[in-house]
Q: 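Pasting a structure below so you can have a look.
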Amino acid sequence: MLTTELQADTLTLRLSGRWTVQRLAEIEQVLGALQWRSVKQAQVDAAALEKADLSAMWLLRSALRRAEESGVKIGYSGEPEHFAFLTELQQQSEAQHIAPVEQPSWPRRLIAGFGKQAVQTVQHALGHLDHFGHIVLTNLRGIRHPSHMRAPSIVRHAYEAGIQALPIVAMIAFFVAVIIAYIGASQLRGFGAGIYTVDLITVGVLRELGVLLTAVIVAGRSGSAFAAEIGVMQLNDEVDALKSIGLDPVEILVVPRVIGLIIALPLLTVVADAMGMAGGALLSNWLLGISLPQFLARVQDAMAPTTFWAGLIKAPVFALLIGMIGTYRGMQVRGSSRELGRLTTTAVVESIFMVIFANAIFAVIFVELDF
Amino acid sequence: MTDTPIVSVRNIVNRFGEQLVHDGVSLDVHRGEVMGIVGGSGSGKSVLLRTILGLQKPVSGQVLIEGDDLTTMSERQLLNVKRRYGVSFQNGALFSSLTVAENIQLPLREYLKLSQASLDELTALRLTMVGLPLSAAGKYPSQLSGGMIKRAGLARALALDPQVLFLDEPTAGLDPISAAEFDQLVHYLQNSLKLTVIMITHDLDSLLTICDRVAVLVDRKIIVDTLAGIMNNPNPWIHEYFHGPRARGIHPSQSDASGEAHGA
């Protein structure tokens with residue numbers, strides 16, 4: 001592929017065979033192994049070259065160019081004429097001097113990193129607030145002028161976030177209630193208090209688990225869907241297109257999703273509650289021999305008037321949080337598919353976190369209010 | 001050698017549901033030829049390209065690459081054939097999470113073991129070739145203009161020194177100066193490196209300056225001829241295409257006449 005001959009201070013490079021992209025790795029090695037010490041002149045002889053392409057010839061030229069910089073004179077002979085164009089390209093590319101980017105020292109970077117993070121956190125908090133305000137204002141306008149409430153769109157999102165989530169929500173609620181009944185029964189039976197399993201299920205499912213599980217599932221399903229849908233629309237300039245037509249993307253894209261979710265989540269919660277109670281009833285019958293009438297009577301006793309409502313009242317709040325975070329993160333997508341993935345993930349993680357955090361606040365408030 | 005066409009499409013039929021896109025389309029492209037594909041919107045130009053690339057299986061018909069049938073090939077053989085292709089898509093199709101340099105280096109990294117220094121050298125070659133500044137190397141596609149994305153897409157298509165180059169509307173969205181430079185580049189590639197180029201284009205200047213032959217997709221069929229032959233084709237759509245108000249530039253005598261009229 002390359003034979004070299006050193007006579008006095010003249011190095012002759014004879015190219016032969018195929019210099020093509022498939023053999024670049026070999027070519028790179030051969031060129032790297034060239035000895036330039038004590039060489040004053042080099043003569044490239046390409047007469048025996050069988051086949052050559054741009055990539056290979058470019059690497060050759062780059063290697064020779066480096067030698068030239070260290071004072072070697074280079075001459076070409078027998079090279080196919082059309083590669084002369086590479087010399088021109090080489091000059092063009094060398095003419096563009098690119099200043100290397102200077103990295104600041106690490107303490108500086110550390111402090112800068114902290115600062116950036118802090119500023120971003122504040123900006124995000126403000127961004128969420130701004131987004132919330134925008135949604136509220138759009139809703140107020142919608143109440144005054146009902147044509148601004150996009151009913152078909154709201155129905156679609158309520159359907160997608162609600163009806164289509166029914167099977168999974170029902171199943172998970174059922175199985176979690178089964179688990180709780182199982183653990184409760186096996187623990188409480190030891191004290192002869194097996195009947196209190198029913199209390200545990202009733203209060204646990206209706207107050208906390210029904211709504212919390214539903215919200216977490218919906219955050220995973222719809223929160224990610226909202227962020228991804230709006231994110232792709234951002235990438236395709238669809239959101240800008242809406243703006244340029246004079247339509248408000250918040251009104252068209254965000255509000256219907258949030259309202260759809262606020263409608264769907266309480267309904268899903270009711271279903272989850274019912275399925276949870278069904279699972280509890282089944283297990284109570286199975287493990288403790290409590291018949292359905294007995295179970296229902298015990299449920300009546302265990303339930304305070306507020307138990308069911310304490311769970312359900314949280315659903316719209318969770319829906320608002322999930323809808324807001326999903327749509328906000330979707331709106332933030334810019335530029336690349338990686339951003340889309342990152343922000344969709346962020347949307348799901350944030351909404352699950354916020355749902356659980358809000359649930360904790362509710363718990364404190366309900367205890368303080370004796371609700 | 002020139003007897004076996006490098007790309008040969010035989011009696012392709014493509015159908016989407018009720019809609020028949022191609023009804024027996026045949027096309028031979030010879031080595032070292034620049035073939036321009038034209039046709040109205042929705043006439044199936046991109047579908048034809050996707051069929052040749054093996055991205056879409058035709059309902060019936062064959063696609064032969066140097067005599068091998070693409071439609072019956074194993075995945076492995078197909079991959080081998082695809083290494084010899086370079087494709088530049090209509091919207092660039094750059095990977096948005098990679099920088100321009102990483103986009104260009106991706107095929108090289110995938111197939112060859114090269115040092116980073118060599119990869120950077122080769123990236124500089126491709127960028128300079130397509131007329132991008134070297135400073136574009138570190139940028140992400142979202143930071144580039146439409147024309148630059150197009151050039152970067154072409155740079156990636158050229159990364160492996162392909163034997164066949166497929167271009168989907170390469171000059172659409174470029175300013176006339178860049179489009180002319182692009183024509184020159186394709187002309188150089190074809191002339192010096194004996195590259196085969198198959199391009200979908202609506203740019204009449206490209207058709208005139210670089211295409212050896214032109215294939216027109218019309219009424220689900222294809223008509224292949226030299227540009228002069230196509231221009232005299234009696235088909236009303238083709239006549240309209242090449243003799244319409246925007247086609248004056250390719251008829252020297254008429255453009256002179258209009259120039260005089262303008263002067264007066």
Side-chain angles (χ1 to χ4, degrees), chain A residues 18-32 51-66 79-101 231-232 234-237 333-342, chain B residues 80 83-84 86 91 93-99 101 103-104 107-109 111-144 146 158-163 184-185 187-195:
Chain A
R18 302 164 68 86
W19 281 59
T20 58
V21 70
Q22 282 81 14
R23 304 180 65 180
L24 274 188
E26 272 175 79
I27 291 169
E28 189 189 12
Q29 271 186 352
V30 168
L31 291 175
K51 194 173 176 204
D53 63 20
L54 290 177
S55 301
M57 294 325 264
W58 180 263
L59 278 192
L60 174 71
R61 264 155 209 276
S62 304
L64 295 178
R65 179 84 196 144
R66 280 193 295 273
E79 197 186 38
E81 220 168 76
H82 57 261
F83 289 117
F85 142 94
L86 286 176
T87 314
E88 204 182 302
L89 283 188
Q90 203 168 26
Q91 282 157 4
Q92 273 179 31
S93 98
E94 270 167 18
Q96 308 175 36
H97 178 68
I98 294 178
V101 187
V232 169
Q234 278 281 15
L235 291 181
N236 286 339
D237 295 336
V333 173
R334 292 284 181 283
S336 77
S337 52
R338 184 185 285 177
E339 274 293 276
L340 179 65
R342 186 179 71 79
Chain B
N80 217 0
R83 271 176 76 160
R84 286 177 275 160
N91 300 318
L94 294 178
F95 304 116
S96 59
S97 56
L98 303 179
T99 62
N103 261 290
I104 297 171
L108 291 166
R109 272 180 206 283
Y111 292 120
L112 306 165
K113 262 203 159 75
L114 290 176
S115 67
Q116 188 59 45
S118 299
L119 285 175
D120 290 341
E121 296 275 7
L122 292 170
T123 308
L125 164 67
R126 301 304 172 201
L127 287 176
T128 324
M129 247 171 104
V130 299
L132 279 175
L134 295 188
S135 55
K139 287 188 178 153
Y140 286 93
S142 56
Q143 297 168 297
L144 299 179
L158 290 170
L160 279 177
D161 275 300
Q163 292 165 11
Q184 265 180 6
L185 175 65
H187 186 70
Y188 166 79
L189 291 172
Q190 180 236 1
N191 221 8
S192 323
L193 300 175
K194 306 288 172 256
L195 222 68

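In what follows, chains carry the letters A, B, and so on, assigned in the order in which the sequence lines appear, proteins first and then strands, with residues in each chain numbered from 1. Bear in mind the structure is a predicted one, so any value in this text is a computation, not a measurement.
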Q: Do you know which of A117(B), G138(B), P133(B), A124(B) has the most heavy-atom pairs with chain A at a distance under 4.5 angstrom?
A: P133(B)
Q: Where on Q22(A) is there a heavy atom nearer than 4.5 Å to chain B: the side chain, the backbone, both, or neither?
A: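 Interface part for Q22(A): both.
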Q: I need the S115(B) OG to Q29(A) CD distance, nearest 0.5 Å.
A: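 Atom-to-atom, S115(B):OG and Q29(A):CD are 10.0 Å apart.
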Q: Report which part of A159(B) has an atom under 4.5 Å of a heavy atom belonging to chain A: side chain, backbone, both, or neither.
A: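 Answer is backbone: N, CA, C or O of A159(B) sit under 4.5 Å from chain A.
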Q: Heavy-atom distance under 4.5 Å to chain A: side chain of L112(B), backbone, both or neither?
A: side chain
Q: Closest heavy-atom contact between E28(A) and S118(B)?
A: OE2-OG, 2.7 Å
Q: Where on L189(B) is there a heavy atom nearer than 4.5 Å to chain A: the side chain, the backbone, both, or neither?
A: side chain
Q: Determine the option with the most heavy-atom pairs under 4.5 angstrom with chain B, choosing from S336(A), S62(A), S55(A), A25(A).
A: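 Top count of heavy-atom pairs under 4.5 Å with chain B: S55(A).
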Q: So, S96(B) versus S337(A): side-chain donor-acceptor pair below 3.5 Å or not?
A: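 S337(A) and S96(B) do have a side-chain donor-acceptor pair below 3.5 Å.
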Q: Just jot down the side chain to side chain contact (heavy atoms under 4.5 Å, CB included) partners of A63(A), sequence neighbours excluded, or say none.
A: L31(A), R66(A)
Q: From the options V21(A), L24(A), T20(A), D53(A), select the one residue that forms a side chain to side chain contact (heavy atoms under 4.5 Å, CB included) with L160(B).
A: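 When V21(A), L24(A), T20(A), D53(A) are each tested with L160(B), the side chain to side chain contact (heavy atoms under 4.5 Å, CB included) holds only for V21(A).
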Q: Once ring-ring contact (aromatic ring centres under 6.0 Å, His included) is applied, do any residues pair with Y188(B), and if so which ones, sequence neighbours excluded?
A: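 If we apply the ring-ring contact (aromatic ring centres under 6.0 Å, His included) test to Y188(B), skipping adjacent residues, the hits are F85(A).
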Q: Let me confirm one number: the CG-CG distance from L59(A) to L125(B), rounded to the nearest 0.5 Å.
A: 8.5 Å
Q: Please rank D161(B), N191(B), L98(B) by heavy-atom pairs under 4.5 Å with chain A and give me the top one.
A: D161(B)
Q: Check whether P141(B) gets within reach of chain A through its side chain, its backbone, both or neither, counting any heavy atom under 4.5 Å.
A: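 For P141(B), neither part sits under 4.5 Å from chain A.
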